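Structure provided below as structure tokens; questions to follow.
Letters A, B, ... mirror the listed sequences (proteins, then strands); counts begin at 1. Only a predicted model underlies this, so the values are computations on that prediction, with no experimental measurement involved.
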Amino acid sequence: MDQQRAKDEL
Amino acid sequence: MNLFRLFGDLSHLASIFILLHKIRTTRSCRGISFKTQALYVAVFVSRYLDILWEWVSLYNFVMKVFFIASSCFILYLMKMKYRPTHDPSIDTFRVEFLVGPCALLALIFNYKFTFTEVLWSLSIFLESLAILPQLFMLQRTGEAETITTHYLAALGAYRALYIPNWIYRYFSEGVVDPIAVTAGLVQTALYADFFYVYFTTVIQGQKFELPA
């Protein structure tokens, strides 16, 4: 499981 | 992109148009918290300024520009054009109690200790609490114009729809954004009471009134 910031979300 | 997120974003768009419609048709910003709107400007500017150096997609770009521009425009309408219709004496939530803790949280919880990433975290935490001055104002007056409640419902639906979006992404892409998810859950929970009254009164065609 990757923990990261979803850059495509607003 | 999945349908939950698309409808969440559309709901967010709708909320802005409902708010603009309310201000224009009633020629008043009565019942709208200036503090909440000012917080949204801070949220969108701090989060979406990345359009200057990061390209995601045309959809992403257009939405970000729209949210920055519309939130600033709403602030202009409230502060300049319809200023006399805004009553600061009922918009009394102490915003400094929100910004301080959010800044601290952003410094502790972020994906990278850089200026822009901390700013992004701050915007996420701030957004989750930005509605509080508005809800506080609603609590104080005990009632709201129907159009204002539609605005709040659309705004609440936006973050609520992001929750199934995260669940979907977890299973389909195996990614999770714990900062956004935690803040999103808090934000949606804040609307619980409002949604209860909204569905039991406004949707049944009655006026939104909080029990005394």
Side-chain angles (χ1 to χ4, degrees), chain A, chain B residues 1-2 4-6 8-13 43-44 47-48 50-51 53-68 109-112 114 116-121 123-124 127 158-159 161-163 165-166 168-171 173-184:
Chain A
M1 184 177 75
D2 261 349
Q3 291 202 353
Q4 62 181 59
R5 156 187 167 190
K7 288 197 173 171
D8 54 345
E9 288 185 0
L10 288 165
Chain B
M1 176 61 81
N2 57 62
F4 299 116
R5 189 145 59 89
L6 179 64
D9 290 344
L10 291 179
S11 180
H12 194 187
L13 271 185
V43 165
F44 296 141
R47 193 183 313 161
Y48 297 160
D50 66 355
I51 51 173
W53 61 85
E54 201 136 21
W55 180 261
V56 177
S57 65
L58 184 65
Y59 171 85
N60 193 273
F61 179 81
V62 171
M63 289 295 233
K64 284 175 173 174
V65 171
F66 175 81
F67 287 122
I68 292 177
F109 300 101
N110 51 64
Y111 292 118
K112 213 173 172 190
T114 61
T116 53
E117 284 295 317
V118 171
L119 211 57
W120 177 84
S121 269
S123 82
I124 290 286
E127 186 196 342
Y158 145 64
R159 270 295 138 168
L161 280 162
Y162 260 62
I163 296 173
N165 153 66
W166 289 319
Y168 180 87
R169 294 192 93 171
Y170 169 71
F171 287 110
E173 300 165 40
V175 292
V176 67
D177 180 339
I179 294 176
V181 171
T182 313

Please classify the contact between B:Asp50 and chain A as side chain, backbone, both or neither, with a heavy-atom cut-off of under 4.5 Å. side chain
What residue in B:His12, B:Arg47, B:Glu117 has the most heavy-atom pairs under 4.5 Å with chain A? B:Glu117
Can you tell me if B:Asp177 uses its side chain to pair, donor with acceptor, with the backbone of A:Ala6 under 3.5 Å? yes
Look only at the side chain of B:Asn60 and the backbone of A:Asp8, and say whether a donor-acceptor pair between them is shorter than 3.5 Å. yes
Between B:Phe44, B:Phe67, B:Trp120, which has the largest tally of heavy atom pairs under 4.5 Å with chain A? B:Trp120
Are B:Phe109 and B:Thr182 close enough that some pair of their side-chain heavy atoms sits under 4.5 Å apart? no
What part of B:Glu54 lies closer than 4.5 angstrom to a heavy atom of chain A: side chain, backbone, both or neither? side chain
For B:Asp9, give me all partners under side chain to side chain contact (heavy atoms under 4.5 Å, CB included), at least two apart in sequence or on another chain. A:Leu10, B:Met1, B:Arg5, B:Tyr59, B:Met63, B:Tyr158, B:Tyr162
